[in-house]
2 protein chains.
Amino acid sequence: MQQGTSKRDEIIRVGAALIHARGYNATGLQEILDRASVPKGSFYFYFRSKEEFGVEIIDHFASIVGGIFSRHLRNGSIAPLRRLEELFRFFEGYYKKQEFAGGCPIGNLSLEMADASERLRTKLAAVIREIIGTITACLQEGVGDGSLRPDLDAAGTAEFIFHAFEGALLHMKVAKSVEPLRAFRKHVFRYIGRREGEPQQQGGS
Amino acid sequence: MQQGTSKRDEIIRVGAALIHARGYNATGLQEILDRASVPKGSFYFYFRSKEEFGVEIIDHFASIVGGIFSRHLRNGSIAPLRRLEELFRFFEGYYKKQEFAGGCPIGNLSLEMADASERLRTKLAAVIREIIGTITACLQEGVGDGSLRPDLDAAGTAEFIFHAFEGALLHMKVAKSVEPLRAFRKHVFRYIGRREGEPQQQGGS
DNA sequence: ACATCATAATAGACCGGTCGTCTATAATGT
DNA sequence: ACATTATAGACGACCGGTCTATTATGATGT
């Protein structure tokens, strides 16, 4: 009985992987179903339409990506700025393993689907809002413990960091290189006040 | 009628607009050809394949986007930092007019096509490299005239600015709001050293 | 002027894949 | 026995990119 659900989950799992690799429009239902060994007709028993399925795929990605952000940024056992560092170091390792393919599934779907489906657009916007919220909370902790300037605009800075990260992932995907992620890390931490592996130098206040 | 070429250009013009609005995969040749009033069969007289056509579409976008960057950032009549400000102000106005639809055509195609076509990927990477180069040159001018720290890593900073900008456009597209672009401008100029919120100029437009 | 010929351009057939629907069947639980 | 849950896959209508055959066009040689 629980296996009934697992079949549905399998469609989502396989579909998410395929959509992450090829994109939403370039991925056909047939291919997903073939790989999941699920007959065509069953799809419309589990999902109302491809768009409906897309919403669930976004939920799936949101829980994975959001989970990574949360696990790192809410880890109370290390200092807030350090958490940020570890987070982006983690992503760098992950994407190196993937040979820079795929990129951010949320970013990919955002650019591909925002103008095509209002349903998916609002869903994606909510996911992004939450991720930025997680970063914001971490920065606020940094303000609280004195490692960041007391007048720091945590929400705006978190948003800016998210922008730079997404842009770096885009650049990484197209350049097939770690370099964009390196530049991102270096400048993000310089911006918020931490030097990375470099001689500290007066940044001229 | 030596506009044999103009017919070809018309296909590119119409195709670029459609691909900018809907994406590469979601745009069919048929729709492009219908709107350009060119029969289906003629397409393969002008272009070898859809991918070949894609390369030309990227060239088209590159000349438009690259042109905007160049026109602003190589304008010797105003100070380098001011050029950057005007550039992003210009984009903000443009996207407001478009109601935040479309986003950056280069960014869109990068995420959609980088893993699907090596041909398009390298082309897109080159376009991005050139844009970052234009920003780099502008920053170097700023270093030269003393408005930026002498030890500024111009190339890395330019790259970082590009990342943040692309990320902001992504966020703008999905949130359908100017706010991401506002946050981007505020933090970018805070990072490179210009204080915002202080009346420093009249909106010269 | 006329026939010839290469090229420019068009027309539409072609096959395969798309999403989505439909009916038929099998497993399950009460 | 029977409704419910799930599987099965054919089918339709349509649209995708590509190809081959055909027709305009225009230059050339006599």
Side-chain angles (χ1 to χ4, degrees), chain A residues 1-58 108-109 112-113 115-120 123, chain B residues 1-58 60 108-109 112-113 115-121 123:
Chain A
M1 194 55 209
Q2 293 312 72
Q3 269 70 13
T5 359
S6 99
K7 203 123 209 197
R8 203 187 118 101
D9 290 348
E10 179 67 3
I11 300 176
I12 290 176
R13 225 183 45 75
V14 171
L18 233 22
I19 287 174
H20 187 200
R22 304 204 205 305
Y24 182 91
N25 285 306
T27 305
L29 262 8
Q30 195 60 66
E31 192 177 3
I32 297 171
L33 269 2
D34 285 352
R35 293 207 189 195
S37 299
V38 169
K40 181 76 168 287
S42 295
F43 180 86
Y44 285 86
F45 170 71
Y46 292 113
F47 309 96
R48 234 175 271 122
S49 65
K50 195 191 183 187
E51 187 183 36
E52 193 73 20
F53 179 64
V55 172
E56 302 228 28
I57 290 291
I58 293 173
N108 296 349
L109 284 173
E112 188 178 3
M113 302 307 293
D115 287 343
S117 160
E118 186 64 10
R119 188 90 191 287
L120 298 192
K123 186 95 206 162
Chain B
M1 192 207 256
Q2 36 81 269
Q3 268 114 336
T5 350
S6 100
K7 205 130 210 197
R8 205 187 117 99
D9 290 348
E10 179 68 1
I11 300 177
I12 290 176
R13 225 183 44 76
V14 171
L18 233 22
I19 286 174
H20 187 200
R22 303 204 204 307
Y24 182 89
N25 286 306
T27 303
L29 263 9
Q30 195 59 69
E31 192 177 1
I32 296 172
L33 270 3
D34 285 351
R35 293 207 190 194
S37 299
V38 170
K40 178 81 167 280
S42 296
F43 181 85
Y44 283 84
F45 169 70
Y46 294 113
F47 307 96
R48 232 177 273 122
S49 66
K50 197 192 182 188
E51 186 184 36
E52 195 73 22
F53 179 64
V55 172
E56 303 229 26
I57 290 291
I58 293 172
H60 180 81
N108 296 349
L109 284 174
E112 189 178 1
M113 302 307 294
D115 288 342
S117 160
E118 186 64 10
R119 188 90 191 288
L120 298 191
R121 202 211 103 223
K123 186 95 204 164

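Below, chains carry the letters A, B, ... as their sequence lines are ordered, and counting in each starts from 1.
What separates CD of A:Glu10 from P of D:dA6 is a distance of 16 Å, to the nearest Å. A:Ile11 places its CD1 atom 13 Å from the C1' atom of D:dA8, with the value rounded to the nearest Å. Distance CZ (A:Arg48) to C1' (C:dT21): 16 Å, rounded to an integer number of Å. If you take CZ of B:Phe43 and C1' of D:dT20, they are 17 Å apart, rounded to a whole angstrom. In this structure, CZ of B:Phe47 is placed 16 Å from P of D:dC19, rounded to the nearest angstrom. Atom CD of B:Gln30 and atom P of C:dG16 are 20 Å apart (whole Å). Between A:Arg22 atom CZ and C:dT18 atom P there is a gap of 11 Å when expressed in whole angstrom units. Whole-Å rounding puts the A:Leu33 CG to D:dA10 P distance at 14 Å.
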- prompt: Yes or no on side chain to side chain contact (heavy atoms under 4.5 Å, CB included) for B:His20 and B:Ile57, after CA distance, side-chain angles and deciding distance?
  reply: CA-CA 10 Å; B:His20 187 200; B:Ile57 290 291; over 6 Å; no
field: side chain to side chain contact (heavy atoms under 4.5 Å, CB included) assessment of A:Phe47 paired with A:Val55
entry: CA-CA 10 Å; A:Phe47 309 96; A:Val55 172; over 6 Å; no
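Using a 4.0 Å heavy-atom distance criterion, A:Ser37 is classed as making no nucleic acid contact. Within 4.0 Å of B:Gly41, counting heavy atoms only, lies at least one base atom of the nucleic acid.
For a distance-only test at 3.5 Å, the side chain of A:Lys40 qualifies as a donor-acceptor partner of the base of C:dG20.
With C:dG20, D:dG17, C:dA8 as the choices, the nucleotide that has an atom nearest any side-chain atom of B:Lys50 turns out to be D:dG17. Comparing atom distances between the A:Leu29 side chain and each of D:dT7, C:dC19, D:dG16 picks out C:dC19 as nearest. Minimum atom distance to the side chain of B:Phe45 is reached by C:dA8, of the listed C:dA8, C:dG20, D:dA6.
If A:Asn25 and B:Pro39 are placed on DNA chain C by their nearest nucleotide, the residue sitting closer to the 5' end is B:Pro39.
Dashed line: the shortest gap from a side-chain N or O of A:Tyr44 to OP1 or OP2 of C:dG20 is under 4.0 Å. At the phosphate of C:dA9, neither OP1 nor OP2 sits under 4.0 Å from any side-chain N or O atom of B:Ser42.
A salt bridge does not link A:Lys7 to A:Glu10: none of the charged nitrogens lies less than 4.0 Å from a carboxylate oxygen.
Side-chain atoms of A:Arg8 come within 3.5 Å of backbone N or O of A:Tyr46 as a donor-acceptor pair. Panel note: side chain A:Glu112, backbone A:Tyr24; a donor-acceptor pair is recorded below 3.5 Å.
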